[in-house]
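Structure first, commentary second.
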Amino acid sequence: MASGSTASAAHHDHNYLNHEKGLWSWLTTLDHKRIGILYFITVALFFLVGGIFALLIRTELFSSGQTIMTADDYTRSMTYHGAIMVFFVIIPGIPAFLGNFFLPMQIGAKDVAFPRLNLLSWYCLIGGAAVALTSLAFGGADTGWTFYTPYSISMKPAVIWMVMGAFIAGFSSILTGLNFVVTTHKLRAPGMTMNRIPLFVWALYSTAIIQVLATPVLAITLLLLAAENIFGIGFFDPALGGDPVLFQHFFWFYSHPAVYIMILPAFGVISELITAFSRKTIFGYTAIAYSSLAIAAVSFFVWGHHMFVSGQSEWAGVVFSFLTMLVGVPTAIKLFNWMATLYKGSINLSAPMLYALGFMFLFTIGGVTGIFLATIATDVHFHDTYFVVAHFHYVMVGGTLMAIMGGIFYWFPKMFGKLVNDTVARWSFFFIFMGFNVTFFPQFVLGSMGMPRRYFDYLPEYEYLNQLSTIGAYMIGIGFVIGGWAVIQGLLNGKPSGPNPWGAKTLEWTTASPPPHENFIQQPIVTAGPYEYR
Amino acid sequence: MGHGTGQESTHEHHIIPFATYLKVFISLLVLTVITVAAARVDFGALNAVVAFAIASVKAGLVLAIFMHLKYDDKLNRVIIGSSVFFLIILWIFCILDIFTRVGQSSTL
Amino acid sequence: MSTAKTGSGYHHAHHYDSAEHEYVSSKQGVWLFLCTEILMFGGLFVGYAIFHHIYPEIFKVGSKFTDWRLGAANTVVLLGSSFTMALGIYYSQKKEQSKAVAMLAITILCGAIFMGIKYIEYSHKIHLGLLPGSWYTADPASLVKYVGDMEIPSNLPMYFSFYYMMTGIHGIHVLVGMGLIAWVMIRAMKGEFGPHYYTPVEGVGLFWHLVDLVWIYLFPLLYLVS
């Protein structure tokens, strides 16, 4: 697509990994690629911790009654699983790791607009995590990741630490978003017009807008929640004349758009994968690009669908229900365009493509069940049951995590200049995909049978499906262990990949693998669109 | 190298004359007097609206002249406008709920 | 990070084409940051709007304990500081270094006066026990001379929750702003700014004006609401 710099033998031995040496050079780096790798390591570690909590939860639920832990420990495990996975894995997962690494490369820039803020954002995440985990020393928070009032304002120091940790981590998200917006606006290579930027960049750009506009409201909400705990300010405390539902409004004004902070970048990754592995121009570039922006905009109008049974007024419920249905439109546009891209493509079923196809299957289920939950009449039945748990895991795990895994295996050769063993990577897909369905499909059934979420125990008649679900969870665990092994094996013994093992067309593949310090030896000049396959 | 966004022009920045700054400052002081005076008149239910409207005129002056938005990149106006827009969204939906909740007999 | 030299003597970061390119990009970054500030304060204002609707009486009674003269004085001080801040940028643009430094110094001084008046107001309220939420300890008998025959609503502490949250977060921004202005003032003294490079002054100025903007709304909402 571009007459840019290609890998030259003279520069082959000089890249961002060996540009500077030593741990200190990593901890003070301003290179977006190195910061991306720092995020990779961090997110992977938090994913391990959050995953262990998930397995603890599923093990406890293997049989009715107490299995391995007390009810209090169960509630804490559930809280830490949710909070860690949301704030420290899925939200930074794609933008701050893959996005940091590839957004500047895909638009032909040398770095993000504000490299120092980029590094600061990583320290905010680490600092936030440290503060949040300090809560464990105070007995651990047990409010669930949503910190609903009035339970969360009962003067528990653990909750205050947890909330302040999320507050600090929020700055990480804001700084990443701010950086991406300015980078996309101002640092594009010559010829890289807005209708030539890759769809991954469009998705990150839409995400960045949400990060900048929604996160500050979470910041003030969490600050007020902490003040409520310390000073009893009374905004959310019914005993002092406050309104606990107002907390939910403020919380979901951020946290619903945050769902799109989690899923929009995944859409971007999938767009890249589908077109690269079908060897075909993406179908409906403009529709996919603008549907990202549309989702970002609509995401701010729908938060009340989390609150249908909270005591919110019925008028508000009806309005939110209607608006929520609208989200289905741009989302479906994306899926149909990916299907049309696959049609008559030369499909290569390497591991990244398997993850992309897995994404399309699982996300569709997650999305369609979302419509059930957006409908007030059915939501009254499904609310706070395992149906909801299954729905959002189909979106967050079946969607975002599948995209992260696909993205890692797709871009691994570019990041490290080595190939991953595709067979091992495919086995990881097999276990994750099968295990995922075994875990969460029964939860749709459990939910429609009325099993409430977040409970430590359940009625004996739910046991069979819960056991199935727990077995599936261990299959997912095995799948991620295999995936991690594929990555480590690739790092240690991977064969040299060359600059472009997949024959992909976006700009990052035109430079050496691993990329040199400032990405391109010569400034690329862009003369065509991003996916000129045929 | 030269990026595609047309930002490499080396034109001098627009410098707002001293007299304009002074006029705006004096206008802001006058509007502060009006704010205090308006608070002494009872407009009934419109009290808060009047106070808010005067404050918004002051804010507009600060944004346009002190913050140079009048002569700035159009995109920066869009950015600041979008933050105000989404703030209004937050406000509208919260009051939609709370104003219609009072006194309703819920069937849930 | 590596830098490139331009004709004006300023070194712009290497991933930008020119100092101008860096200037417009940085300014856009500052505006995006101001967006986050607006939405953060905005959350408090939305809370204010809602509770003002539900409990108008606590705001009516609560504002009796604020002195509009002190609030108005602070408004004038902050507007003046915005004016001198704008002039600080103006003189930096014109390369009139000593005038720019003087304007920035006056701006910091105004910030200090603002915080001084704030201190007087806070200590007066703390003395009466008018603290936020559950820390409220005021003796109703000592309040009579402020409210006259108005009844003191039972959830009056909520007014002070708003008062301290809003003015407190705003006050923290004033202190941060003073620190930032001191930083650019020191750089201005070293002669780092001129017509070709004054990005930090402009950015800090935008932040300071936003702090002023928030106060423009806080003043009528907290002091003149009766």
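Chain letters run A, B, ... following the sequence lines, proteins first, then strands; residues in each count from 1.
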Is the closest side-chain heavy-atom distance between [X] and [Y] below 4.5 Å?
{"X": "D73(B)", "Y": "V24(C)", "result": "no"}
{"X": "I50(C)", "Y": "C94(B)", "result": "yes"}
{"X": "N76(B)", "Y": "Q28(C)", "result": "yes"}
{"X": "F52(B)", "Y": "Y217(C)", "result": "yes"}

Where [X] and [Y] come nearest, the two heavy atoms and their spacing:
{"X": "L39(C)", "Y": "S83(B)", "value": "CD2-O, 3.8 Å"}
{"X": "H14(B)", "Y": "Q93(C)", "value": "O-NE2, 4.1 Å"}
{"X": "G43(C)", "Y": "L90(B)", "value": "CA-CD2, 4.3 Å"}
{"X": "L213(C)", "Y": "M67(B)", "value": "CD1-SD, 4.1 Å"}

With a 4.5 angstrom heavy-atom cut-off, is it the side chain or the backbone of Y23(C) that approaches chain B, or both, or neither? side chain
The interface call for T75(C) against chain B, heavy-atom contacts under 4.5 Å, is side chain
Contacting region of L31(B) [heavy-atom separation from chain C under 4.5 Å]: neither
With sequence neighbours excluded, residues passing ring pair (Phe, Tyr, Trp, His ring centres under 6.0 Å) with Y48(C):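 Y48(C): ring pair (Phe, Tyr, Trp, His ring centres under 6.0 Å) contacts with H52(C), F59(C), F162(C).
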Hey, which of Y91(C), Y198(C), W208(C) has the most heavy atom pairs under 4.5 Å with chain B?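 Top count of heavy-atom pairs under 4.5 Å with chain B: Y198(C).
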Flag the one option from [options] with the top tally of heavy-atom pairs under 4.5 Å to chain C.
{"options": "V24(B), V62(B), L63(B)", "answer": "V62(B)"}
{"options": "W91(B), F86(B), F25(B)", "answer": "F25(B)"}
{"options": "L75(B), I95(B), V36(B), V33(B)", "answer": "V36(B)"}

Going from [atom1] on [X] to [atom2] on [Y], what distance comes out if it is rounded to the nearest 0.5 angstrom?
{"X": "F66(B)", "Y": "M85(C)", "atom1": "CZ", "atom2": "CE", "answer": "11.5 Å"}
{"X": "I38(C)", "Y": "L87(B)", "atom1": "CD1", "atom2": "CG", "answer": "8.0 Å"}
{"X": "K58(B)", "Y": "D212(C)", "atom1": "NZ", "atom2": "CG", "answer": "8.5 Å"}
{"X": "K94(C)", "Y": "I15(B)", "atom1": "NZ", "atom2": "CD1", "answer": "6.5 Å"}
{"X": "F83(C)", "Y": "L29(B)", "atom1": "CZ", "atom2": "CG", "answer": "9.5 Å"}
{"X": "Y223(C)", "Y": "T35(B)", "atom1": "OH", "atom2": "OG1", "answer": "14.0 Å"}

K95(C), NZ atom: more than 12 neighbouring heavy atoms under 6.0 Å: yes
Test: K27(C) and D72(B) ion pair at under 4.0 Å: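 Yes, this pair counts.
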With under 30° as parallel and over 60° as perpendicular, where do the rings of Y21(B) and Y90(C) fit, or are they tilted in between? perpendicular
Do R77(B) and W31(C) meet the cation-pi criteria used here (NZ or CZ under 6.0 Å from the six-membered ring centre, within 45° of the axis)? no
